[in-house]
Enquirer: 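Take a look at this one; I'll ask things after.
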Number of protein chains: 2
Amino acid sequence: MPSQGRRERAREERRRLIVQTARELAEAEGWEAVTTRRLAEKVDYSQPVLYSHFPNMTAITTAVALEGVEELTVALGEAEGLREVAAAYLRFAEEHPALYEAMFVRRTDLSFGSDETPAALIAAFGEIRQAVEPFARDGVDVETLTEVFWSALHGQATLNHTARLRPDHLQARADILVTLLTT
Amino acid sequence: MPSQGRRERAREERRRLIVQTARELAEAEGWEAVTTRRLAEKVDYSQPVLYSHFPNMTAITTAVALEGVEELTVALGEAEGLREVAAAYLRFAEEHPALYEAMFVRRTDLSFGSDETPAALIAAFGEIRQAVEPFARDGVDVETLTEVFWSALHGQATLNHTARLRPDHLQARADILVTLLTT
DNA sequence: ACTGAATCCTAGCATCGCTAGACAATCTAG
DNA sequence: CTAGATTGTCTAGCGATGCTAGGATTCAGT
């Protein structure tokens, strides 16, 4: 069945088109602009086509989020040491605000604590953990310390983005956080 | 004009009724359940009445958020020392998730960095700052350090709530954060 | 060429935030 | 005490939203 393969390939490609378009639309105009109608119009199909690929709208944002997690993992992997990891994390959140929002702020179908947690998500956490490990003191669990560090980064990322912290001092905040852990 | 006062009082009371009902509805069923229709039905008025008190729906959530900030300030004020402040903050977020979401996650009309920043918001930040101050090292700006600490708390609060961190270890994470600052 | 399956669209449902316009209640002035 | 103006409130409706049913169209295998 040669056409079987072609069909599946076409489906796969169209799925990617949908996800990518959703992402672009979100980064250009925010997630509230990503509606089924606008998205369908942009990919030049009707709305029901979206539903032949995804069960609902949030599944689309979940797909976008997953893409983001993979890219974040790469970005963190290229960073050396805790300071660079922190910088890379915050830079990623700042450069891709809509993506970051899908990953860690909006409600998605991404499972975090369970067996179905995507490998990409575990990998990203592993990158942070690796950077944190050398600074684990005495009897402190590395896993927990990593959660603390990640939470602190996440807090800065979200509060920065929603204009709840002073825009300057952005770098200073990152520095202080790293210093707290490393000294 | 005696009736003038009575009318205003009635208006004021109804406004409070709207805000309180919105808050209850949000805490009971989440903010997505707080629609103009459901809210109007609950307060036993028609939708346009809401708009005679608030310009739009987000203004209602802003009013709820402001209430929350005031209550948070009280809760933090009763806490002594950094450890208790952290505990009080995280407890507040956990016990009033919808309220917390309105305050620091959802988009509202609350202004954070400007001259129109509500006094309650400044007061809440001041409570945290007061607890952080004794632990400001060397040349570190207290204001910035407070932002770092608040961000870290906020990160834990939100990631806890959205089930992105291990539910046990909740206390351990708070402890580690405080220890990082105080040693 | 024919049949069955896969694909896609039009049209529509219930619900959303928000508003215009009509009606009723209340207050002010003579 | 009544006439007119003001205020309060509702019904009805607009343009959107996410999502789905049903029929038309295209394609695959025989």
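Since we're looking at a predicted model, the values are computed, not measured. The sequence lines fix the lettering, A, B, ..., with proteins before strands; numbering per chain opens at 1.
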Enquirer: Nearest whole angstrom, please: distance from the P of dT7(C) to the CG of Leu50(A).
Expert: 15 Å
Enquirer: What is the distance, to the nearest angstrom, from the CH2 atom on Trp31(B) to the C1' atom on dG17(C)?
Expert: 15 Å
Enquirer: Would you say the side-chain atoms of Ser111(A) and Ser114(A) include a donor-acceptor pair closer than 3.5 Å?
Expert: yes
Enquirer: Flag the pair Arg38(A) and Glu29(A) as a salt bridge only when some basic side-chain nitrogen lies within less than 4.0 angstrom of an acidic carboxylate oxygen.
Expert: yes
Enquirer: With sequence neighbours excluded, what pairs up with Arg37(A) under the side-chain contact (heavy atoms from CB on, under 4.5 Å) test?
Expert: Thr35(A), Gln47(A)
Enquirer: Mind running a 4.0 Å heavy-atom check of residues 58-66 of chain A against DNA chain C and sending the residues that fall below it, in number order?
Expert: none
Enquirer: Would you list the protein and nucleotides 21-25 of chain D atom pairs, both N or O, that sit under 3.5 Å from each other?
Expert:
none

Enquirer: From the set dA12(D), dG18(D), dC9(C), return the single nucleotide nearest to any side-chain atom of Ser46(A).
Expert: dC9(C)
Enquirer: Please identify which of these residues, Glu94(B), His154(B), Glu95(B), meets the side chain to side chain donor-acceptor pair (under 3.5 Å) condition with Tyr100(B).
Expert: His154(B)
Enquirer: Return yes when atom CD of Glu24(A) has more than 12 non-hydrogen atoms of other residues, nucleotides or ligands closer than 6.0 Å, and no otherwise.
Expert: yes
Enquirer: How long is the line joining CG of Leu39(B) and P of dC18(C), in whole Å?
Expert: 12 Å
Enquirer: Can Val140(A) be reached from Trp150(A) by stepping across I, L, V, M, F, W or Y side chains whose heavy atoms are under 4.5 Å apart?
Expert: yes
Enquirer: Using the rule side chain to side chain contact (heavy atoms under 4.5 Å, CB included), only one of Arg23(B), Gln20(B), Arg106(B) pairs with Val64(B); which is it?
Expert: Arg23(B)
Enquirer: Over all strands shown, is Arg38(A) touching base, sugar-phosphate only, or nothing at heavy-atom distances under 4.0 angstrom?
Expert: nothing
Enquirer: Check the distance between dC8(C)'s P and Asp44(A)'s CG and give it to me in whole angstrom.
Expert: 12 Å
Enquirer: Using a distance-only criterion (donor-acceptor N/O pair, under 3.5 Å, no hydrogens), is the base of dC19(D) paired with the side chain of Gln47(A)?
Expert: yes
Enquirer: Please report, rounded to the nearest Å, how far the C1' atom of dC8(C) is from the CD1 atom of Ile18(A).
Expert: 13 Å
Enquirer: Under 6.0 Å from the six-membered ring centre of Tyr45(B) and within 45° of its axis: does the NZ or CZ of Arg14(B) meet both?
Expert: yes
Enquirer: The side chain of Met57(A) is closest to which nucleotide in this list: dG17(C), dG18(D), dC10(D)?
Expert: dG18(D)
Enquirer: Does a nitrogen or oxygen in the side chain of Arg37(B) sit under 4.0 Å from OP1 or OP2 of dG17(C)?
Expert: no
Enquirer: If the test is side chain to side chain contact (heavy atoms under 4.5 Å, CB included), which one of His96(B), Met103(B), Glu127(B) qualifies with Leu72(B)?
Expert: Met103(B)
Enquirer: OH of Tyr45(A) versus P of dA6(C): gap in Å, rounded?
Expert: 18 Å
Enquirer: dG17(C), dC19(D), dC8(C): which one has an atom nearest the side-chain heavy atoms of Val49(A)?
Expert: dC8(C)
Enquirer: Would you say the side chain of Glu147(B) lies within less than 4.5 Å of the side chain of Gln156(A), judging by non-hydrogen atoms?
Expert: no
Enquirer: Does dT9(D) have OP1 or OP2 sitting under 4.0 Å from an N or O in the side chain of Arg11(B)?
Expert: no
Enquirer: Take the protein atom CZ of Arg14(A) and the nucleotide atom P of dA6(C), then report the distance between them rounded to whole Å.
Expert: 14 Å
Enquirer: Atom OH of Tyr51(B) to atom P of dT19(C): distance rounded to whole Å?
Expert: 7 Å
Enquirer: Thr35(A) side chain N/O closer than 4.0 Å to the phosphate oxygens (OP1, OP2) of dT17(D)?
Expert: yes
